[in-house]
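Since this is a predicted model, take the numbers as computed values, not measurements. Sequence lines set the chain letters: A, B, ... in the order given, protein chains first and strands last, and positions in each chain run from 1.
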Number of protein chains: 2
Amino acid sequence: MDADAVIDHEAPTPVYAQLAAILRARIERGDWQPGRRIMSEAQLVQAYGLARETTRKAVRVLIEEGVLFTVPGRGTFVTDDGETAE
Amino acid sequence: MDADAVIDHEAPTPVYAQLAAILRARIERGDWQPGRRIMSEAQLVQAYGLARETTRKAVRVLIEEGVLFTVPGRGTFVTDDGETAE
DNA sequence: AGTGATTTGTTCGTATGTATT
DNA sequence: TAATACATACGAACAAATCAC
């Protein structure tokens, strides 16, 4: 299931969870390679038409999954493994 | 439309059951599609002139029937199944 | 040196939902 | 009936880290 890549504000699934699924799919698809930087928060806001805090929460979900990690002043990056961080 | 679209406080049928029947009919009629959000509790209260707990009890009935489900912070939604068995 | 742009981090406020007491 | 709590979503503002010039 490759998540429509479109946010549905009326769906029961929270918007941040929808975005997290979209980003997860894009990473698994290879849009962003391990160790590479993904879109900035501002770009996510622009691209998906969401509030910044909503995009941040989506990113936070993937961080907790070990898929992403952030560096203040630098950006948000894909974990080298893609899943478990040893 | 239907006569049962109006709450009768004098009828032997409990008000919450009447509302549950009304909502069930509206869903079967397609007023709210599967996966879509129905009116909020506040809107139900406003629309049918009932106490909040009464509307919640009506919703609870439909939840137990598997027709509705709630998501905190999101709303009350129509269950996806019912049409396609899979 | 320092200045500004970019990016993440943080903290407020507002609004709408359901859940609980 | 009322109050409180919790979850979601948007908006605004400011700080801190980084980078380019």
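Distances shown here put every side-chain N or O of Thr70(B) at or beyond 4.0 Å from the OP1 or OP2 atom of dG17(C). Within the 4.0 Å cut-off from OP1 or OP2 of dC10(D), at least one side-chain nitrogen or oxygen of His9(A) is found. Within the structure, a side-chain polar atom (N or O) of Ser40(A) is placed less than 4.0 Å from OP1 or OP2 of dT7(C). Phosphate contact (OP1/OP2 of dT18(C), side-chain N/O of Thr76(B), threshold under 4.0 Å): present. Distances shorter than 4.0 Å separate none of the side-chain N or O atoms of Tyr16(A) from OP1 or OP2 on dA9(D).
For Glu41(A), the listed nucleotide lying nearest its side chain is dT8(C); candidates were dA9(D), dT8(C), dG17(C).
Between Gly73(B) and Gly73(A), the residue anchored closer to the 5' end of DNA chain D is Gly73(B), taking for each the nucleotide with the nearest heavy atom.
Side-chain contact between Val67(B) and Leu23(B) is absent, with no heavy-atom pair separated by less than 4.5 Å.
Residue pairs meeting the salt bridge (Lys or Arg N to Asp or Glu O under 4.0 Å) criterion with at least one partner in residues 66-77 of chain A, sequence neighbours excluded, are absent.
The shortest non-hydrogen separation linking Phe77(B) to Glu10(A) is CE2-O, 3.2 Å.
Counting non-hydrogen atoms under 4.0 angstrom, Arg37(B) reaches the backbone sugars and phosphates but no base.
Shown for residues 49-58 of chain A: residues whose heavy atoms fall under 4.0 angstrom of DNA chain D, namely Leu50(A), Ala51(A), Arg52(A), Thr54(A), Lys57(A).
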Would you please test Asp31(B) and Arg36(B) for salt bridge (charged side-chain N to carboxylate O under 4.0 Å, His left out) and show each step? CA-CA 10 Å; Asp31(B) 282 11; Arg36(B) 298 289 92 183; over 6 Å; no

